[in-house]
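In listed order, ligands and their atoms are each counted from 1. Values reported hereafter were calculated over all heavy atoms of this structure, with side chains retained and with hydrogens, waters and symmetry mates removed.
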Amino acid sequence: MKQVYTLEDLESRELLDTGADKPARLAVIGHPIAHSASPRMHQAALDAAGIDARYIRLDIEPGRVGEAFSRMRALGFIGCNVTVPHKLEAMAHCEVHPDAEALGAVNTIRFEADATRGFNTDGPGFARAVEDDFERPLESLRVVVAGAGGGAGQAIATQCCLLGVAKLVVVNRTLEKLGPRVGRLRLLSPQTQIIALAFDDPALAEQCLSCDLIVNTSSVGLKEGDPSILPTACLKKEHLVYDTIYQPPVTPLLATANGLGCRTANGLSMLIQQGALAFQHWFPGAEPLAVMKAAMALRK
Ligand code: ATR
């Protein structure tokens, strides 16, 4: 059994399942993929449900996602998760659910007899994480998305608009990136007040202080020595503060927020919630959340 499989291993069941006690029928595809935590929670949920299947890591090079899907289908896979950098490429090789279309990415694939269906559970997974961590429905909150230029920022800003939040402040280092996105968000949710700002905008602190939930969707905080994505002046103790980063578990933003007495949470809950929703696309009616939380050592 390998830690990471490749397209070549998808040639035959023999290559894939030698030395394994169960057939590989689910996977996460990405590049690189060696450090993905997805197998841990999905395998725990499969085992708990008594499903005879293995969940594997598949390293697929960019440009070969369609081929990977065809081979998985041919081998009788149930589905797969799709992660960086394949969430856009995957859209060209499946029938995309309208919500995933709006969210601009696909992270879950289900192979059916006559179709390959693509879903996005990142946006809904974030909404569930917020509700679970802060006991407040996302739709009731005014939200700041800091670092809205990347994939995670797009999914979370879009989810806020799909739910019709009253106010959404999107902040990005490169303001120009937000123009076309804000146009699409306005079409999705005409009732949402949408404000786009650069980090050096003099109105930033005032806009943040008029919101309830602050979310970091940038990569700032991943590396040691990174600053907080927002200055302390943008935070108040009433804020709920969510960082999509979970390694390190306390980013500079969360440390600052904790110091002010804010309620905070990191991206582990979003990872687990999106995983549980993906599992339910493959196994409707399953309730994998508690097992997945335990597997990821998050007890709540
Ligand atoms: P993706 O999530 O699609 O892989 P990314 O390149 O990792 O995208 O960037 C995610 C977000 O982090 C972007 O909003 C990016 O800002 P830009 O759009 O201006 O590039 C943000 N980001 C990365 N490094 C940053 C930094 N040092 N300061 C502020 N924002 C930063």
- prompt: Nearest to atom 3 (O) of ligand 1 by heavy atom, Ser219, Gly151, Gly221: which?
  reply: Gly151
message: Looking at Lys293 and Asp132, is there a salt bridge between them, counting it only when a charged N and a carboxylate O are closer than 4.0 Å?
response: yes
query: So, are Asp17 and Arg13 salt-bridged, with charged N and O less than 4.0 Å apart?
result: yes
- prompt: Of all the atoms in ligand 1, which lie at a distance below 4.0 Å from a heavy atom belonging to Lys177?
  reply: 17 (P), 18 (O), 20 (O)
- prompt: Charged N to carboxylate O under 4.0 angstrom, Lys22 versus Asp52?
  reply: no
Atom pair OG1 (Thr217) and CD1 (Ile245), whose distance is rounded to the nearest 0.5 Å: 9.5 Å
task: Please state whether the rings of His42 and Trp282 are parallel, tilted or perpendicular, taking 30° and 60° as the class boundaries.
output: tilted
query: Which atoms form the tightest heavy-atom contact between Ala27 and Phe77, and what is the distance?
result: CB-CE2, 4.1 Å
field: atom 5 (P) of ligand 1: any protein heavy atom closer than 4.0 Å
entry: no
query: Please state which protein non-hydrogen atom is closest to atom 19 (O) of ligand 1 and give its distance, to 0.1 Å?
result: Thr174 OG1, 2.3 Å
query: Of the choices Ala146, Gly150, Gly153, Gly147, which has the non-hydrogen atom that lies closest to atom 9 (O) of ligand 1?
result: Gly150
message: Give me the residue, atom name and distance of the protein heavy atom closest to atom 11 (C) of ligand 1.
response: Ser218 CA, 3.7 Å
- prompt: Looking only at protein heavy atoms, which one is nearest to atom 20 (O) of ligand 1, and how far off is it?
  reply: Arg173 NH2, 2.9 Å
message: Could you work out, for atom 14 (O) of ligand 1, the closest of Asn172, Val84, Val170 by heavy-atom distance?
response: Asn172
task: Mind listing the closest non-hydrogen atom pair of Lys167 and Ser210 along with its distance?
output: NZ-OG, 2.8 Å
- prompt: Identify the closest protein heavy atom to atom 28 (N) of ligand 1: which residue and atom is it, and at what distance?
  reply: Val220 CG2, 3.6 Å
- request: Would you check the N or O atoms of Gly149, main chain and side chain alike, for any that come under 3.5 Å of an N or O of ligand 1?
  value: yes
